[in-house]
Structure formats: C-alpha cells, structure tokens
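Quick notes on the structure that follows.
Atom set for the values below is all heavy atoms of this structure, side chains included, hydrogens, waters and symmetry mates excluded.
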Amino acid sequence: MKERISRSVLLSIIAVGVMTFSGVIVETSMNITFPTLISEFHIGLNVVQWITTIYLLVLSGVIPLSKFLKENFKTTHLFIFSGLMFLIGLLIDAFAPSFTFLIIGRLVQGIGTGISLPLMFNLILDNVPLSRLGFMMGFGSLITAAASAVGPTFGGIIVHTLGWRYIFIFLIPVLILAMILGMVTIPKLSQPELKPSRFDFASFAFIVFTFAGLIIGISNISTNQLLNVNVWLPLLIGIIALISFMSRQNKLANPILNVSILKNHSYSRFLLAFFINQLIILGLAFVVPNYVQIINHSDSSVAGLILLPGAVLGAIISPLSGILLDKVGAKKPILSGSGLILISLIALTMNSAHVSDLFFIITYTLIMIGIGLSYGNIMTKALSYLQNERKADGNAILTTVQQFAGAIGTVIVATIITKVNLVNIHQPVVGFAVAIFFLAVITAIQFIVILFNKD
C-alpha cells in the first residue's frame, strides 16, 4: 500500500508551484508584447529583447546556487524572500514609467523565480514518499511545462484585450495568495539540517560570465554572421568561464555545485534528454504561432489558441505519467512519449509545405501528450541515479539546463528560419520546414539515447 502525502506537504508544493508557474508564464508571455513595447517606448527590437534576456540571465545565475541556499537558509525564509522579490518585480513592471524600470522589474522577478523553481523540486524530493515520487515529480514538471505552453496564449489574449501591464497586474493577487498558503504550510514541514558554508564569489562570477556569454552569443547569431565578433567573442567568454567554473568546483572542498555527478553517464544521458525536451517545447511555441500567422494568414488570437488544447492535455498527462513510473518504471512512459513526439514531428515535416490550422492542433496536441509522458519522468529518472546527498546538485543542474534550453530554444529555431529564408526569399515556408525537421532530428537523438541507456 502506498504511503500518503500529508496535506501540509501537498499544500506547500502547490504554494511554491503557483509561484513557479507565475514566473514561467511571465517569461513566455512577454514575447508577445514586443511589438507593443517597441511602439510605446520608442525602442528597437535589439533593445526590447532584453526583457527576456535579462530575466533568463538572472535565472541562470541564481538557480545553480540552489544547493548552497538550501544548506545555508531555512526553506521558509527562502520561500518568503523569493515571493517578496517576485511581488516587488511585478509591482515595478505593472506601473513602470519607462523601459528602464521594466528591465529592473524583470531582473528582480528573475531572482524570485530563480529561487522558487529548484525549491519546488527540493520540497518534493525531501518530503514525498518514494512510492509517490513519480507522481509528484510529474505534478511539478507539469507546472513548468504547462506555463511554457500557455504563456503565449495568455500573453496574446491579455495584450489584445487589456494591455501588457495586466500580465503583471493579474499575477499580483495570485502571488499574494500563494505566499499566504506557503507561510502557513511550509513551517509545518521537517526542515533540512543546515550546513553553513562560505559563499564562493569567484564561482558565482564564473556562472554569470558562462551564461551571459553563451546566451548573448547564441542570441546574436540570428542577426550576425557566425564569425562576427558579436557572436564569437561572447561565446568564447562563456566557454572559458564554464571550463573555469567546472575546474574550480572540482578543487573546492565544498563547491557551490558538485559537477562531478556529470561523470555519472546515465544521469548525463537523461540530462541531455531533458535539455532536448525543453528545446522542443520552446521551439514549437515559436514555430506554430508564426507559421499559422505568416503562412496560413490566421490572426494572432487563432495562433495562440491552437496551442491551448495541447497545453491542457499535456498538463493533465504529466502527473498521470508519474503514476505510470511508480507502477512500471520510467523507461516505458519516457520512450512512449519520445516516440509519439518523433512520429508527430515526422508527420509535420512530411506535410510542412502546407500545414492547416487543424493539422497543427492535432499534431501539437499529440506532441504535448508526448511531453507530458516523458518530461517529469526524465527528471525523476535522472535523479534516481544519484545518491540522496547529491540530489540537490542534480536538481540544480537540471533546472539550470532547463532555463538555458529555454533561453536558446527560441533563438535556435528563429535563426534557422531566418537564415534559410534568406536563401529562399520567395518561399518563407522552407525555413519553417527546416526548423521542424531540426526538432525531429534532435527528438530522434533523444529516443536513441534513452533506448540504449542501461541502468
């Protein structure tokens, strides 16, 4: 008989989950606001993109610190600080008098979400019985996956009807309720034993330079040649900083992040699979709405709503797939999900010259069901290869990779479409076809990696 999950644990996870959901949905919905913000603040596309870039940079800098924060601060204090940062950021953005204030608000929100995202999974790992772990990891994963998929629809509807400021205004009461719920329930949980340690500022600097360099360099590929200094210099800085960070962690007695777990080949394979899943989610969230508007000439509201059935079904499937993991293990639901994604992307590739809105609804829904079957289970399975004292490190790396994939997923797909269409100016559909084919190829890699992994 399965052990029960206590009410306090469940409500605590919901409280942190709502905060995380809000953070991710703001991240993905803000892309819809770019044309409006360009017009209102009289700025260019290269400037407005910093709304997303600064947020992702802060996330990428804060998430790797989650193990250090867990060992040095009480869970309750981390939750309250995270909520306050997010709430302050929402208020700044909701009433921002200039674009500079909008950027400051996004930076503050990034701190809040960067703490809450790994905190949610640490709560699950520390408080949920092993027999129910698959279900609750699936529940946690659906929060981030659903928010990524629903964000563009939410943003499109709000911007079209009320204005971009209401994206932030609507989330303020939601966040306040989540904070009240968490402050009541989280103190009732058993708190992990604190292990105070000295903060290594050099490691943190390497983290910042790694993700700043990689994200800015990859983002610049879409508007520059590959050998342009704006591309290769940030990439070089990012790579050198990453190598320096990993070297330093291996030398420290108490590293910020124990990167030696990457030597565990099974964990690393599932980390790659997790990275690919996030690329697919963000890549399709860009491809589908833009194809529907540019090629099919449908309006923006239709483009956003096409994603909705898949987002809802994927969200429903995710915790159910966790139940499958608890009963039959991880490999079957993961391979089923990855296979369904691959078949759907092959079908899209074969029909990419003309994909009707209805066909997009069907295939995107099947893909999101596949994501629901695989996403949380990949994360759970990856962590199962690590000892308990290393799971906080494993969780930090997974959530960091998740955000990095989110940061570059849209950029990679947009760059493919842009570069291909420069050669096929009169056939814009060709760029979309190549982008869909790229997503199919990396899904095939994911399927093979999981299929041939031996426990």
Side-chain angles (χ1 to χ4, degrees), residues 2 5 9-10 13-14 16-18 20-21 23-25 63 66 116-150 266-267 269-282 310-341 366-386 391-392 394-403 405-406 443 446-447 449-450 453:
K2 290 187 177 180
I5 303 173
V9 169
L10 187 59
I13 293 168
I14 290 173
V16 185
V18 169
T20 301
F21 182 89
V24 177
I25 206 168
I63 288 175
S66 61
S116 69
L117 184 58
L119 181 64
M120 175 179 66
F121 288 108
N122 281 331
L123 273 176
I124 294 171
L125 291 168
D126 291 341
N127 294 279
V128 173
L130 186 61
S131 61
R132 305 299 300 274
L133 188 60
F135 172 75
M136 288 309 299
M137 288 293 285
F139 177 78
S141 298
L142 91 82
I143 290 172
T144 52
S148 297
V150 171
S266 291
Y267 172 81
R269 290 188 188 104
F270 277 85
L271 179 66
L272 173 63
F274 192 66
F275 176 81
I276 290 173
N277 256 15
Q278 190 70 6
L279 275 182
I280 293 167
I281 293 170
L282 272 297
V312 172
L313 272 175
I316 294 170
I317 290 293
S318 198
L320 297 179
S321 72
I323 296 175
L324 283 175
L325 179 145
D326 292 332
K327 289 184 176 180
V328 301
K331 206 163 187 178
K332 289 181 180 178
I334 293 173
L335 286 175
S336 299
S338 184
L340 185 58
I341 297 167
L366 290 174
I367 288 168
M368 290 309 294
I369 291 173
I371 293 290
L373 283 168
S374 59
Y375 195 86
N377 288 340
I378 289 174
M379 192 174 190
T380 307
K381 186 63 175 174
L383 292 171
S384 74
Y385 291 109
L386 304 178
K391 287 187 177 178
N395 179 37
I397 292 175
L398 280 163
T399 45
T400 301
V401 163
Q402 178 189 43
Q403 292 308 310
T443 304
Q446 180 197 60
F447 186 88
V449 164
I450 295 169
N453 182 73

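- Between the side chains of Asn122 and Ser66, not a single donor N or O lies within less than 3.5 Å of an accepting N or O.
- For the pair Pro118 and Asn395, the tightest heavy-atom approach, listed with the atom from each and the gap, is O-ND2, 3.1 Å.
- For the atom pair Ile63 CD1 and Ser116 OG, the distance stands at 8.5 Å (nearest 0.5 Å).
- Thr380 meets the side-chain hydrogen bond (donor to acceptor under 3.5 Å, both in side chains) test with no other residue; sequence neighbours excluded.
- Judged by distance alone, the side chain of Lys332 and the main-chain N or O of Leu324 form no donor-acceptor pair under 3.5 Å.
- Rounded to the nearest 0.5 angstrom, Met120 CE and Thr20 OG1 are separated by 4.5 Å.
- Nearest approach of Ala405 to Leu279, heavy atoms of both residues: O-CD2, 3.7 Å.
- Taking the side-chain hydrogen bond (donor to acceptor under 3.5 Å, both in side chains) definition, one finds that Asn127 meets it with nothing, sequence neighbours left out.
- To the nearest 0.5 Å, the span separating CG on Leu366 from CD1 on Ile371 amounts to 12.0 Å.
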Inset, instruction - Verify side-chain contact (heavy atoms from CB on, under 4.5 Å) between Phe121 and Leu398, making sure each step is shown before the conclusion. - result: CA-CA 10 Å; Phe121 288 108; Leu398 280 163; over 6 Å; no
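- Shown are Asn277, Ile378, Leu373; of these, the side-chain contact (heavy atoms from CB on, under 4.5 Å) with Ile334 is made only by Ile378.
- Here the side chains of Gln402 and Leu117 are in contact, with some heavy-atom distance below 4.5 Å.
- No side-chain heavy atom of Ile276 sits less than 4.5 Å from a side-chain heavy atom of Val449.
- Looking only at side-chain heavy atoms (C-beta outward), Tyr375 and Gln278 come within less than 4.5 Å of each other.
- The CD1 atom of Ile397 sits 12.5 Å away from atom CZ of Phe274, with the distance rounded to the nearest 0.5 Å.
- No side-chain heavy atom of Ile317 sits under 4.5 Å from any side-chain heavy atom of Met368.
- In this structure, Asn453 CG and Phe270 CZ are separated by 5.0 Å, a value rounded to the nearest 0.5 Å.
- The CG atom of Leu271 sits 10.0 Å away from atom CG of Leu383, with the distance rounded to the nearest 0.5 Å.
- Under the 3.5 Å distance criterion, the side-chain polar atoms of Asn377 are matched with a main-chain donor or acceptor of Ser321.
- Applying the side chain to side chain contact (heavy atoms under 4.5 Å, CB included) test to Thr443 and every residue at least two apart in sequence or in another chain returns Ile280, Ser338, Ile341, Leu342, Leu345, Gln446.
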